[in-house]
Number of protein chains: 2
Amino acid sequence: MKIDLNSISVLESIARNGSFAKAAEELNLVRSALTYTVKNIETKLNITIFDRSGHKAQLTPIGKYILEQGSDLLKQAQILEDNIQQIASGWETELHIVYDDIIPLKNLFPLIELFHLECPHIQLHITAERLKGTWEALFTKRADLIIGAAGDFAQAPEISTFTLGQLDFDFAVAPHHPLASLPEPIKNSEIIKYCSVVANDTAKELTPMTTGRLLGQDRIAVNSIHSKFIMQCAGLAVGFLPKIWIHDAVKKGKLIVKKVEKSKAGGNVSVAWNNQKIGKGLQWWLDHLRDKPSQLFTTN
Amino acid sequence: MKIDLNSISVLESIARNGSFAKAAEELNLVRSALTYTVKNIETKLNITIFDRSGHKAQLTPIGKYILEQGSDLLKQAQILEDNIQQIASGWETELHIVYDDIIPLKNLFPLIELFHLECPHIQLHITAERLKGTWEALFTKRADLIIGAAGDFAQAPEISTFTLGQLDFDFAVAPHHPLASLPEPIKNSEIIKYCSVVANDTAKELTPMTTGRLLGQDRIAVNSIHSKFIMQCAGLAVGFLPKIWIHDAVKKGKLIVKKVEKSKAGGNVSVAWNNQKIGKGLQWWLDHLRDKPSQLFTTN
DNA sequence: TTCATTGTTCAAAATACTTGTACAGGTTGT
DNA sequence: ACAACCTGTACAAGTATTTTGAACAATGAA
């Protein structure tokens with residue numbers, strides 16, 4: 001390797017200051033030290049970087065090229081150095097959070113904003129998955145933290161979890177749907193006459209979970225609760241939806257909750273993470289999630 | 001700057017060889033020299049990169065991070081160094097060629113292939129433009145070389161050109177087009193009854209050239225000769241097309257050439273380039289284009 | 001012209017890197 | 001268990017590289 005970061009920053013300083021003398025002052029070096037450094041790299045590369053034929057030194061075309069590209073290199077090295085310091089001080093440089101799409105993303109907004117305020121230098125990656133998809137993200141290390149994961153699949157000792165709370169479901173239909181006008185509780189034999197919509201498991205490797213639907217019923221599979229929700233609002237299909245998802249729609253009359261013969265049991269949702277390398281960023285999330293888990297289940 | 005490229009390559013060697021001793025051998029250094037280097041960078045950054053508690057040194061998590069990111073940095077530095085050498089030896093690292101879309105791209109294939117064979121390390125950027133769009137690319141330095149440029153707009157002393165040859169045009173219509181059955185030569189008064197299609201000038205700043213069409217005629221503007229060609233084949237419109245573009249289609253009966261009252265004069269097309277900084281790559285293209293310009297006008 | 005400034009040269013000084021040897025553990029094979 | 005062979009470290013001595021400062025030639029400004 002003939003080039004080194006120090007030489008590049010010397011070139012950069014000379015170019016920026018317009019002369020060896022000014023750069024020497026900036027770098028707290030004597031002029032001849034810069035002559036030495038520049039000559040050294042010029043000799044190694046067998047090129048000329050500065051044209052010193054005039055009074056002041058001027059970059060040659062190839063010098064300009066080196067400066068341009070070299071500055072990029074310097075910047076990246078600086079970023080690397082900063083990141084090393086950040087990691088060494090216990091903070092991650094980025095954090096991959098996967099949430100189960102059963103939690104409305106907007107309920108995460110307050111935490112995300114606060115985190116950004118307190119740790120603006122940590123890049124958050126927020127991804128939605130469904131059912132076992134969250135666990136898969138954790139096991140494959142695509143996620144550092146999963147929020148709202150269904151059930152408790154933490155078979156491994158390096159996975160820690162705690163329960164966020166319970167999600168309850170209601171059977172919801174559009175006001176103009178035939179089931180809307182039936183007397184309650186609606187029997188399964190009625191429900192299976194109509195199309196249902198299920199939000200698919202997003203797991204690709206783990207065997208997907210199946211979630212309550214009735215045998216023999218037509219069904220559509222979608223890949224998010226939101227798709228399921230708007231499909232039920234449109235009256236295209238029926239099914240169970242989390243109370244937190246339909247609260248507003250029910251208030252506005254866009255969906256109607258019906259009692260059914262066999263209701264769906266509420267399920268616990270959890271937070272889970274890999275306890276092998278807990279950085280301060282992850283700890284921040286764990287602390288805040290433990291503090292007020294209820295904020296994730298709010299309806300406004 | 002606390003990190004330097006040399007230290008990173010030492011870390012890299014140790015990690016790759018699995019021990020300080022092996023790395024020392026590879027680097028032709030003595031073991032203690034590596035201890036020194038590693039300790040040095042560890043002290044500067046105030047971290048530990050290798051865990052030496054066991055028999056052999058093992059990367060710590062942060063060491064792994066440094067290695068990953070640092071290797072990228074090293075690679076880029078190596079590329080920069082290579083590029084500097086390449087430029088210093090007179091070869092560009094990339095070459096931007098803009099051709100007038102009136103030249104079928106496949107006619108450039110033999111030259112492109114040969115160039116890639118002889119100069120695999122120079123990245124070619126080949127872009128199509130129309131009419132003054134080629135000149136604009138040259139003037140704005142988006143292009144190092146333009147091929148098949150229409151006319152001769154080289155007003156500036158730093159632009160050199162030579163003529164490639166002449167392109168002749170025929171008036172072509174689809175066999176099922178009404179004009180196909182008219183007696184020759186077809187009068188302008190007949191032609192203006194039908195839609196024509198023109199390939200637009202792609203220049204954005206220079207005032208676009210207008211190319212022969214009749215006043216009062218409906219017209220469609222497209223942005224490539226190929227679009228114009230297939231539109232005429234489909235019988236959607238009529239117009240002049242370069243002989244080299246329609247040769248095959250005429251042979252297969254997909255287009256019919258008709259004599260017209262006012263034929264379109266053939267035009268010279270040129271090669272042009274900026275003569276301020278001619279690298280060896282550019283020179284190669286100039287030599288080969290001057291050598292056999294006719295290959296660009298072939299019909300197979 | 002004179003004066004300030006620019007970059008270079010060169011020998012000496014300061015710093016940084018490398019070496020070699022000695023040492024304190026581990027691992028392997030018998 | 002033991003020798004033989006690893007591994008990495010410590011430290012003093014040697015070598016290489018970088019920095020300094022003074023003297024100098026070339027340029028530009030007043």
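Only heavy atoms go into these numbers, but all of them, side chains included; no hydrogens, no water, no symmetry mates. Below, read A as the first sequence line, B as the second, and so on, with proteins coming before strands; counting in each chain starts at 1.
- Looking at heavy atoms from C-beta onward, B:Trp135 lies in side-chain contact with B:Ile146 at the 4.5 angstrom threshold.
- Distances shorter than 4.0 Å separate some side-chain N or O of A:Lys39 from OP1 or OP2 on C:dT9.
- Less than 4.0 Å separates DNA chain C from at least one heavy atom of each of the following residues of residues 29-37 of chain B: B:Leu29, B:Val30, B:Ser32, B:Ala33, B:Tyr36.
- A donor-acceptor contact shorter than 3.5 Å links the side chain of B:Asn275 to the backbone of B:Glu158.
- B:Glu118 has no carboxylate O lying under 4.0 Å from a charged side-chain N of B:Lys280, or vice versa, which leaves the two without a salt bridge.
- Under the 3.5 Å distance criterion, with hydrogens and angles disregarded, no donor-acceptor pair is assigned to the side chains of A:Asp82 and A:Gln86.
- In this structure, CZ in A:Phe50 is found 13.5 Å from NZ in A:Lys39, a value given to the nearest 0.5 Å.
- Scanning residues 5-25 of chain A for heavy-atom distances under 4.0 Å to DNA chain C yields A:Ser19, A:Phe20, A:Ala21.
- Judged by distance alone, the side chains of B:Asp4 and B:Ser7 do bring a donor and an acceptor atom under 3.5 Å apart.
- A:Arg52 has a carboxylate O that lies under 4.0 Å from a charged side-chain N of A:Glu42, or vice versa, which qualifies the two as a salt bridge.
- Rounded to a whole Å, the CG atom of B:Asn40 is 15 Å from the C1' atom of D:dT9.
- The existence of a salt bridge linking B:Glu12 and B:Arg16 is confirmed by a sub-4.0 Å separation between a basic side-chain nitrogen and an acidic carboxylate oxygen.
- Contact detail for B:Asp144 and B:Glu94: the closest heavy-atom pair is OD2-O, 4.2 Å.
- The stretch residues 42-68 of chain A touches DNA chain C through A:Arg52, A:His55, A:Ala57, each having a heavy atom within less than 4.0 Å of the strand.
- With no hydrogens or angles considered, a side-chain donor-acceptor pair links A:Asp51 and A:Ser53 at under 3.5 Å.
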